[in-house]
Amino acid sequence: MAGDYLDRLRREGRIVIVGASLAGLRAAETLRAEGFTGELTLIGDEPHEPYDRPPLSKSVLLGMASPRRTELPHRREIDAKWRLGIAATGLDLAAKRVRLADGDEVPYDRLLIATGVRARPWLKEDEARLDGVCLLRTRDDAADLVQRLDAGPRRVFVIGAGFAGSEVASACREKGIPVTVAERAGAPLVGALGGVIGAVAADLQTENGVDLRTHVTVTGLEGDSIGRVRAVHLSDESVVEADVVVVSLGSQRNTEWLTGSGLGAGPRGIACDAGCRAFDFRGIVTDDVFVAGDVARSPHALFGYQFLSLEHWGNAVAQAETAAHNMICHGADRRPHLWMPAFWSSMFGVNIKSVGVPPMGDQLMITQGSLAERRFVGVYGYQGRVIAAVTFDNARWLEFYARQIERGAPFPVEYPTMDRRPENRQPVAADFPDPSLPTHGPTVTLSGYSPADQQLVFHPARH
Amino acid sequence: MRLVVDLNKCQGYAQCAFLAPDVFAMHGEESLIYNPHAPEEQRERLARAVAACPVQAITADGLEDFTGEPGPGPGQVASDGR
Ligand SMILES: Cc1cc2nc3c(=O)[nH]c(=O)nc-3n(C[C@H](O)[C@H](O)[C@H](O)COP(=O)(O)OP(=O)(O)OC[C@H]3O[C@@H](n4cnc5c(N)ncnc54)[C@H](O)[C@@H]3O)c2cc1C
Ligand code: SF4
């Protein structure tokens with residue numbers, strides 16, 4: 001009987017979580033909170049207990065916190081077996097076992113995969129190895145970068161002006177360090193928020209003394225005789241001398257360890273259903289493998305049931321809670337993961353927040369405040385309804401717009417709003433780059449309708 | 001003590017920065033930055049900040065003594081992640 005199986009699972013089953021970070025920890029806590037008393041194992045390749053990443057590019061770079069002290073508080077005792085500093089290297093779906101790098105195998109009754117993403121490294125390996133070429137994803141990355149910034153570099157060069165790169169540039173300026181930012185698109189944050197908002201982000205950067213270069217790509221990193229980076233070469237043939245280069249080109253999903261396992265896992269993540277159950281490569285849903293956090297791609301009813309990958313802190317928490325709940329309950333008690341996408345960032349003293357899926361929007365309307373004052377609400381529309389909103393220093397209105405998105409409220413926004421400016425009565429094109437050219441740092445990726453992750457073109461707003 | 005702020009929830013009311021200025025600070029008009037590892041001598045201030053946050057965005061551990069509650073303290077317990 002299914003009921004008996006579930007009772008036994010809850011009482012004495014074995015649950016394994018691969019990926020011991022935000023999603024893994026919150027899932028473990030939820031399992032215990034909901035009465036799971038069996039054996040719980042957390043496997044993580046980083047040698048540290050779960051820590052929080054967002055501070056790494058904010059308070060840590062600003063010197064207000066230590067890169068080594070951002071461990072996440074625990075909401076409760078989880079009584080787990082921790083296997084830290086050791087990677088999972090394979091999965092046997094039929095035998096229900098996870099293979100570890102040291103040859104050990106860990107059997108499970110239910111498995112949660114929360115292996116997240118990693119920073120995309122600089123593509124030329126010999127250049128990536130130059131001393132001074134940095135990434136920012138882990139606390140070790142942050143510790144290294146902080147040390148280099150504290151050493152007073154002559155110039156920092158940031159490749160890629162997504163949120164992470166822009167936050168690094170902001171911290172450098174605040175510390176008085178000269179910084180150059182190179183971006184392939186026409187402005188910072190274009191992949192995430194489109195060209196209209198991107199132009200505001202560009203002004204913010206230049207006004208704060210960032211040497212911003214747009215419509216350029218980096219063609220090469222040049223080292224000196226002892227292997228330290230000394231200059232960056234750009235596609236417009238200019239050369240910028242710098243002794244620290246931060247590569248901020250977005251992320252790659254940690255799914256290689258699942259190659260050949262039969263799961264629907266690939267470069268765009270692991271496809272799962274709304275209940276967080278993983279699909280196999282045939283598009284058939286499994287019932288004992290669950291997915292949560294940055295590595296997941298899951299369909300969302302509010303956004304046309306396309307698969308969404310969200311590199312959002314709040315999504316990792318919410319999806320982990322839902323996955324954990326669904327892992328140990330009956331079909332009828334399961335919940336769908338219908339989280340309203342929400343994101344925050346902070347740069348140059350401005351608080352940037354968004355809800356919904358901005359890259360799906362083709363039109364944009366500034367419903368409150370003004371772009372010039374850098375205090376506004378921008379609402380994105382798609383096929384006649386509100387699909388997303390972004391605020392610059394105006395976060396208190398966001399909740400209202402989240403409800404509008406949930407209700408499928410009509411776009412353009414016709415009702416009167418506080419602080420509506422006469423010049424903002426009509427929507428304008430949101431100006432996202434060609435969706436077939438993925439930009440780094442969209443933070444939300446729409447990846448079509450196929451759970452099998454086979455076509456690598458993705459379908460945002462216009463298809 | 002460890003702490004984390006759910007900045008999706010945070011409304012920048014700055015109560016925490018007022019009550020525990022060595023742990024929380026406003027950065028610009030409405031962004032909050034904070035030290036995720038508060039030193040022991042901040043215990044009382046931190047507990048007050050957690051309790052005073054109008055949207056319960058702060059989760060901290062190791063504050064049981066101040067609230068009389070077992071477990072995770074007065075911050076969110078089973079949050080919806082927003
Ligand atoms: C610098 C920085 C700033 C950020 N700022 C914000 C922000 O302002 N707002 C926001 O919403 N989000 C932000 N984020 C994103 C947020 O941190 C992520 O969404 C969140 O960490 C996702 O959690 P996760 O547990 O899904 O994945 P991760 O945190 O990536 O954790 C996955 C874990 O699994 C481990 N792992 C991978 N492969 C294996 C394997 N084979 N075996 C064992 N373990 C493995 C990894 O090493 C890692 O520890 C930021 C991220 C970074 C790096
Ligand atoms: S008191 Fe709460 S809402 Fe206000 S700034 Fe602090 S964390 Fe944010």
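Just so we're on the same page: letters track the sequence lines, and every chain starts at 1. Reckoned from all heavy atoms, side chains included, excluding hydrogens, waters and symmetry mates.
Side-chain atoms of B/Y34 and A/P55, non-hydrogen and from C-beta on, do get closer than 4.5 Å to each other. Using a 4.5 Å cut-off on side-chain heavy atoms (C-beta onward), B/E29 and A/R375 make contact. Looking at heavy atoms from C-beta onward, B/H27 lies in side-chain contact with A/S346 at the 4.5 angstrom threshold. Under the 4.5 Å side-chain criterion, counting only non-hydrogen atoms from C-beta, A/W313 is in contact with B/D6.
Looking at A/E71, both its backbone and its side chain come within 4.5 Å of chain B, counting heavy atoms on both sides. Using a 4.5 Å cut-off between heavy atoms, A/D393 touches chain B through backbone and side chain atoms alike. For a residue to count as touching a neighbouring chain, one of its non-hydrogen atoms must lie under 4.5 Å from one of that chain's; by this rule A/L62 touches chain B with the side chain only. Neither the backbone nor the side chain of A/A33 comes within contact range of chain B; no heavy atoms are under 4.5 Å apart. Using a 4.5 Å cut-off between heavy atoms, A/E174 contacts chain B through its side chain alone, with no backbone atom that close.
Side chain of A/K58 to backbone of B/L32: no donor-acceptor contact under 3.5 angstrom is found.
Scanning all heavy atoms of the two residues, the minimum distance from B/T59 to A/R75 falls at CG2-CG, 4.3 Å. Between B/L7 and A/W344, the shortest heavy-atom distance links the atoms CD1-NE1, 3.3 Å. Counting all heavy atoms, side chain and backbone alike, A/A65 lies closest to B/N35 at CB-OD1, 3.5 Å. Considering all non-hydrogen atoms of both residues, B/I33 and A/S59 come closest at CB-CB, 4.4 Å.
Comment: A/R396 does not engage B/E30 in a salt bridge, judged by the lack of any side-chain N to carboxylate O separation of less than 4.0 angstrom. With salt bridges taken as basic N to acidic carboxylate O contacts below 4.0 Å, one links A/E49 and B/R2.
Heavy-atom neighbours of B/F18 CZ from other residues, nucleotides or ligands within 6.0 Å: at or below the threshold of 12. Remark: A/E77 CD is loosely packed, at most 12 non-hydrogen atoms of other residues, nucleotides or ligands lying under 6.0 Å away.
Atom CG in B/N8 sits 6.0 Å away from atom NZ in A/K353 (nearest 0.5 Å).
Applying the ring pair (Phe, Tyr, Trp, His ring centres under 6.0 Å) criterion to A/H300, with sequence neighbours excluded, gives A/F303. Taking the side chain to side chain contact (heavy atoms under 4.5 Å, CB included) definition, one finds that A/A169 meets it with A/V179, A/V181, A/V210, A/F348, sequence neighbours left out.
If you tally non-hydrogen atom pairs under 4.5 Å between each of B/A25, B/C10, B/P36 and chain A, the highest count goes to B/P36.
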